[in-house]
Asker: 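One structure, pasted below without further comment.
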Amino acid sequence: MRPDLHHPAGFLRAFTLTLAIVLLSACSSPGTTSFYLLEGGAGPRPETTPRAGPILGLREIALPLYARRPQIASLQPGGIVTLSDDHRWAEDPGRAVSRMVARNLTTAAGIPVLLEPWPNGVTPDLRLEVEIDYFIGSLDGALRLEGEYHLANIGAFDRPTTRPFAITTPVEPAPENPYGALVAAHATALGMLSTRIAEDITALAN
């Protein structure tokens with residue numbers, strides 16, 4: 001029996017049925033979200049055996065709010081930040097960024113790098129804190145990575161080494177997958193930052 005749409009109860013039943021059909025269709029539609037690992041654009045990972053020497057402790061890297069979100073952020077004209085629900089990080093961005101920098105530093109500086117929290121019974125000799133203030137790029141332009149880092153010898157009374165950084169790397173044109181190219185630019189910028197930090201680590205460790 002068709003509901004009487006002129007009657008309030010009939011109209012409510014028809015509206016409820018229509019809403020249920022719409023929600024069911026939305027839930028049953030196939031997902032189109034793509035998930036990206038930060039390492040995806042960094043190429044193969046080299047095997048590294050750190051030399052004996054000081055241990056570096058890296059605190060989890062601080063990121064701006066938009067870079068901590070699971071949705072991948074891109075920069076639009078006029079300084080507008082867009083967060084994509086269809087293109088997301090496959091893991092927590094803060095932890096992924098920290099782990100990549102730690103791995104890069106192990107390769108570049110040749111010393112063990114531990115992420116906070118430290119393992120039981122292990123105390124780092126050097127401490128590194130990285131604060132990223134700007135970490136975003138456009139899908140067809142460039143990516144900027146800016147902030148500062150603080151490097152200190154835990155057992156010494158010297159003042160920490162503090163360095164600002166400002167890195168720009170192109171986002172390669174990739175019409176078939178622009179977000180994949182943006183992810184690769186993230187990895188490239190972090191590699192460049194790691195190389196700069198490694199130079200200070202080597203000077204402080206020697």
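When a residue number appears, it is its place in the shown sequence, counting from 1.
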Asker: Roughly how far, to the nearest 0.5 Å, is OG of Ser74 from CG of Leu139?
Answerer: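 If I round to the nearest 0.5 Å, the distance is 4.5 Å.
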
Asker: Taking atom OG of Ser194 and atom CE of Met100, what is their separation to the nearest 0.5 Å?
Answerer: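 Between atom OG of Ser194 and atom CE of Met100 there are 8.0 Å.
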
Asker: Go through Arg103 and Leu115 one step at a time and tell me if the side chain to side chain contact (heavy atoms under 4.5 Å, CB included) criterion holds.
Answerer: CA-CA 10 Å; Arg103 190 180 72 224; Leu115 281 176; over 6 Å; no

Asker: CZ/Arg59 to CD/Glu129 distance, rounded to the nearest 0.5 angstrom?
Answerer: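 Answer rounded to 0.5 Å: 5.0 Å.
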
Asker: Please say whether more than 12 non-hydrogen atoms of neighbouring residues, nucleotides or ligands are located less than 6.0 Å from CZ in Arg69.
Answerer: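 Not more than 12 within 6.0 Å, no.
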
Asker: Keeping the roles fixed (side chain from Arg127, backbone from Pro124), state whether a donor-acceptor pair exists under 3.5 Å.
Answerer: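 No, Arg127 side chain to Pro124 backbone: no donor-acceptor pair under 3.5 Å.
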
Asker: Going through the checks in order, is the salt bridge (charged side-chain N to carboxylate O under 4.0 Å, His left out) test met by Arg99 and Glu91?
Answerer: CA-CA 11 Å; Arg99 188 170 59 248; Glu91 56 184 326; 2.6 Å; yes

Asker: Could you tell me whether the side chain of Leu190 reaches within less than 4.5 Å of the side chain of Val97, counting heavy atoms only?
Answerer: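 The answer is yes, as the side chains (C-beta and beyond) meet within the 4.5 Å cut-off.
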
Asker: Counting only pairs under 3.5 Å, give me each side-chain donor-acceptor contact of residues 170-178, with atom names and distances, residues two or more places apart or in other chains.
Answerer:
{"residue": "Asn177", "atom": "OD1", "partner": "Tyr36", "partner atom": "OH", "Å": "3.1"}
{"residue": "Asn177", "atom": "OD1", "partner": "Gly180", "partner atom": "N", "Å": "3.1"}

Asker: Between Asp200 and Arg163, is the side chain to side chain contact (heavy atoms under 4.5 Å, CB included) condition met? List the steps.
Answerer: CA-CA 9 Å; Asp200 281 331; Arg163 297 268 195 274; 3.3 Å; yes

Asker: Checking the side chain of Asp125 only, and the main-chain atoms of Ile55 only, is there a donor and an acceptor separated by less than 3.5 Å?
Answerer: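 Present.
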
Asker: Do Arg88 and Thr33 come close enough that some side-chain heavy atom pair is under 4.5 Å?
Answerer: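 Yes, close enough: below the 4.5 Å cut-off.
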
Asker: Are Ile201 and Phe165 connected into the same hydrophobic cluster when the rule is that any two of I, L, V, M, F, W, Y join if their side-chain heavy atoms are below 4.5 Å apart?
Answerer: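 Cluster IDs for Phe165 and Ile201 match.
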
Asker: How long is the span from the CD1 atom in Ile167 to the CZ atom in Arg144, to the nearest 0.5 Å?
Answerer: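 Those atoms lie 12.0 Å apart.
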
Asker: For the residue pair Leu182 and Ser138, what are the closest heavy atoms and their distance?
Answerer: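 Residues Leu182 and Ser138, closest heavy atoms: CD1-O, 4.0 Å.
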
Asker: Kindly determine whether Arg68 and Trp89 satisfy side chain to side chain contact (heavy atoms under 4.5 Å, CB included), including the steps that lead there.
Answerer: CA-CA 10 Å; Arg68 298 200 309 265; Trp89 296 111; over 6 Å; no

Asker: May I ask you to test the Leu58-Val101 pair for a side-chain heavy-atom distance under 4.5 Å?
Answerer: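 Yes, side chains in contact.
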
Asker: Taking all non-hydrogen atoms of both residues into account, name the closest pair between Ala189 and Phe135 and its distance.
Answerer: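 Result for this residue pair: CB-CE1, 4.4 Å.
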
Asker: Return the CG to CG distance between Leu128 and Leu151, rounded to the nearest 0.5 Å.
Answerer: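 It comes to 6.0 Å.
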
Asker: Would you say that Leu56 contacts Leu105 through its side chain, given a criterion of any heavy-atom pair below 4.5 Å between the two side chains?
Answerer: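 Answer yes - side chains close enough.
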
Asker: Any chain of hydrophobic side-chain contacts (each under 4.5 Å) joining Tyr134 to Ile132?
Answerer: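 Cluster IDs for Tyr134 and Ile132 differ.
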
Asker: Taking C-beta and beyond as the side chain, do Leu75 and Val81 meet within less than 4.5 Å on heavy atoms?
Answerer: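 Yes, at least one pair of side-chain atoms sits under 4.5 Å.
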
Asker: Check ring-ring contact (aromatic ring centres under 6.0 Å, His included) between Tyr179 and all other residues, then give those that pass, not counting sequence neighbours.
Answerer: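 For Tyr179, the residues satisfying ring-ring contact (aromatic ring centres under 6.0 Å, His included) (neighbours in sequence not counted) are His87.
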
Asker: Just how far is it from atom CG of Leu63 to atom CZ of Arg95, taken to the nearest 0.5 Å?
Answerer: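 Answer rounded to 0.5 Å: 12.5 Å.
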
Asker: Could you pull out the closest heavy-atom pair between Leu38 and Val183, with the gap in Å?
Answerer: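 Closest approach of Leu38 to Val183, heavy atoms only: O-CG1, 4.1 Å.
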
Asker: Within a strict 4.5 Å, meaning less than it, do heavy atoms of the Tyr149 and Ile61 side chains meet?
Answerer: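 Tyr149 does not reach Ile61 side chain to side chain.
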
Asker: Could you check whether any side-chain N or O of Tyr66 sits under 3.5 Å from a backbone N or O of Ile136, counting only pairs where one atom can act as donor and the other as acceptor?
Answerer: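 No: the side chain of Tyr66 does not pair with the backbone of Ile136.
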
Asker: Determine the minimum heavy-atom distance between Thr169 and Ala185, stating which atoms define it.
Answerer: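 Answer, listing the atom of Thr169 first, then Ala185: CG2-O, 3.5 Å.
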
Asker: Is there a side-chain contact between Val130 and Ile197 in this structure, where contact means two heavy atoms from C-beta onward sitting under 4.5 Å apart?
Answerer: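 A side-chain contact exists here, since the closest heavy-atom pair is under 4.5 Å.
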
Asker: Within the structure provided, determine whether Ile154 and Leu126 are in side-chain contact (heavy-atom separation under 4.5 Å).
Answerer: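 The answer is no, as the side chains (C-beta and beyond) never meet within the 4.5 Å cut-off.
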
